[in-house]
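One structure is given here, and the rest of the page talks about it.
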Amino acid sequence: MSRLRPLFHRLHLNRRHFSLSAALSLPLDPDPQPLFTYLDNFPKPDPRYAETITAIPRAISGKNISAKERKAGRVPSIVFEQKDGQHGGNKRLISVKGDQIKKLVNRLGKSFFLSRLFELDVRTEFGSEEVVECVRVLPRAIHLHAGTDAVLNVTFIRAPSDALLKVDVPLVFRGEDVSPGLKKGSYLNVIKRAVKYLCPADIIPPFIDVDLSELDAGQKLVMGDLKVHPALKLIQSKEEPVVKIMGARIVMRRILSLELHFGDGKYQIVALI
């Protein structure tokens with residue numbers, strides 16, 4: 001215990017005490033600085049696709065309730081917390097506008113929709129001025145109807161600046177036109193189209209660029225080769241392959257020769273198989 005006393009003493013020396021009146025007089029920072037920022041030469045969210053998703057609270061859940069919501073043009077949804085990469089609490093049942101979610105998915109693509117932050121504006125009713133909650137969120141999952149692609153439900157995660165979120169970040173492949181291996185007639189074998197990272201909420205990448213411009217036949221890229229913000233933590237194995245330039249397809253063919261005799265004549269049929 002005696003060893004801990006100097007440490008506690010130093011901690012007490014660093015503490016500052018304020019009266020209530022002094023605390024109230026402190027100026028509030030209206031625009032606090034984010035914990036992390038995007039770096040140059042890494043993908044950033046396109047501001048053209050920034051949008052606020054509107055929602056209303058939903059009191060109960062269940063199969064019949066969800067069916068009624070969809071019939072009314074709304075999508076049953078849920079929003080919760082996941083600050084440390086694990087599922088948390090503070091769940092809220094909500095419903096969002098089906099046409100708005102469908103428009104975003106069609107414009108961005110499903111995988112890119114799930115790697116983009118949105119503002120979520122929850123009001124007592126659509127069009128109401130009374131705000132229930134206004135928070136930044138990340139779409140965690142979305143389920144579409146297998147036949148019609150209608151949006152069945154969406155799950156959102158609150159994304160404050162101090163949150164660490166698991167994100168399946170989509171991959172965008174570039175440089176196919178100058179890849180030495182592809183120019184020789186080899187073909188591209190895409191093994192992964194998204195990679196899971198633990199991301200600080202302020203710098204979730206909308207996608208990851210994968211450069212194929214120097215890949216020759218037989219070469220591959222693994223997850224550890226991907227260039228990302230240093231604050232992102234890869235959850236999967238670094239040695240797991242992402243893409244490989246495969247050798248040119250070779251079609252083995254054989255010549256089949258047949259001799260047919262008709263009367264006094266002899267005929268030869270040659271076929272390539």
Side-chain angles (χ1 to χ4, degrees), residues 38 42-58 61-63 65-82 87 91-123 125-127 132-160 163 165-174 190-199 201-210 228 232 235 242:
Y38 289 97
F42 289 108
K44 302 176 184 178
D46 191 334
R48 294 178 299 172
Y49 300 121
E51 187 163 341
T52 297
I53 296 175
T54 56
I56 58 174
R58 182 165 50 93
S61 61
K63 186 176 180 180
I65 296 298
S66 296
K68 289 180 180 179
E69 289 294 289
R70 298 187 190 103
K71 189 174 181 179
R74 299 186 291 266
V75 176
S77 307
I78 187 173
V79 57
F80 62 91
E81 291 178 355
Q82 185 189 314
H87 289 187
K91 296 181 181 179
R92 184 189 296 277
L93 297 176
I94 60 173
S95 291
V96 295
K97 293 182 178 180
D99 56 352
Q100 183 183 27
I101 302 300
K102 183 65 175 176
K103 180 190 70 174
L104 289 171
V105 173
N106 288 343
R107 185 166 59 180
L108 295 170
K110 181 180 176 181
S111 59
F112 296 93
F113 172 74
L114 296 175
S115 64
R116 183 178 180 89
L117 295 173
F118 296 93
E119 294 296 326
L120 180 69
D121 191 5
V122 184
R123 297 178 179 260
E125 294 291 342
F126 288 119
V132 177
E133 182 180 12
C134 187
V135 64
R136 187 176 65 172
V137 296
L138 173 74
R140 179 66 180 86
I142 183 170
H143 295 122
L144 306 178
H145 189 279
T148 64
D149 279 343
V151 182
L152 299 180
N153 55 68
V154 188
T155 300
F156 297 98
I157 303 172
R158 293 182 180 88
L165 306 178
K166 292 179 181 178
V167 186
D168 288 312
V169 185
L171 305 178
V172 174
F173 300 95
R174 308 184 190 277
V190 177
I191 303 167
K192 292 288 183 180
R193 295 194 177 274
V195 178
K196 189 181 292 293
Y197 285 90
L198 189 64
C199 306
D202 285 335
I203 55 168
I204 294 174
F207 57 88
I208 295 173
D209 273 321
V210 182
V228 299
L232 271 59
I235 297 177
V242 171

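Computed from a predicted model, the values in this text were never measured in an experiment.
Residues satisfying the side-chain hydrogen bond (donor to acceptor under 3.5 Å, both in side chains) criterion with R123, sequence neighbours excluded, are D121. For R116, there are no side-chain hydrogen bond (donor to acceptor under 3.5 Å, both in side chains) partners at least two apart in sequence or on another chain. When the salt bridge (charged side-chain N to carboxylate O under 4.0 Å, His left out) test is applied to R136, the partners found at least two apart in sequence or on another chain are D202. With sequence neighbours left out, F112 forms a ring-ring contact (aromatic ring centres under 6.0 Å, His included) with no residue at all. In this structure R174 satisfies the side-chain hydrogen bond (donor to acceptor under 3.5 Å, both in side chains) test together with D209, sequence neighbours excluded.
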Next on the checklist: salt bridge (charged side-chain N to carboxylate O under 4.0 Å, His left out), that's the test. Do R92 and E133 meet it? Break it down for me.
Outcome noted: CA-CA 10 Å; R92 184 189 296 277; E133 182 180 12; 2.8 Å; yes
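Within the model, atoms CG of N153 and OG of S95 stand 11.0 Å from one another, a figure rounded to the nearest 0.5 Å. Distance CD1/I157 to CD/E81: 10.5 Å, rounded to 0.5 Å. For the atom pair CG (L165) and OG (S115), the distance works out to 12.5 Å, reported to the nearest 0.5 Å.
When side chains are defined from C-beta on, I204 does not count as touching Y197, because their heavy atoms never get closer than 4.5 Å. Here the side chains of K91 and I78 are in contact, with some heavy-atom distance below 4.5 Å.
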If you look only at distance, which donor and acceptor atoms sit under 3.5 Å apart when one is on a side chain in residues 97-105 and the other is two or more places apart or in another chain?
| from | atom 1 | to | atom 2 | distance (Å) |
| --- | --- | --- | --- | --- |
| Q100 | OE1 | T54 | N | 3.3 |
| Q100 | NE2 | E51 | OE2 | 3.0 |
| Q100 | NE2 | T52 | O | 2.8 |
| K102 | NZ | D149 | O | 2.7 |
| K103 | NZ | E51 | OE2 | 3.3 |

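Counted within 6.0 Å of NZ on K44, heavy atoms from surrounding residues, nucleotides or ligands total more than 12; the atom is thus considered enclosed.
Taking the six-membered ring for Trp, F118 and F113 have ring centres closer than 6.0 Å.
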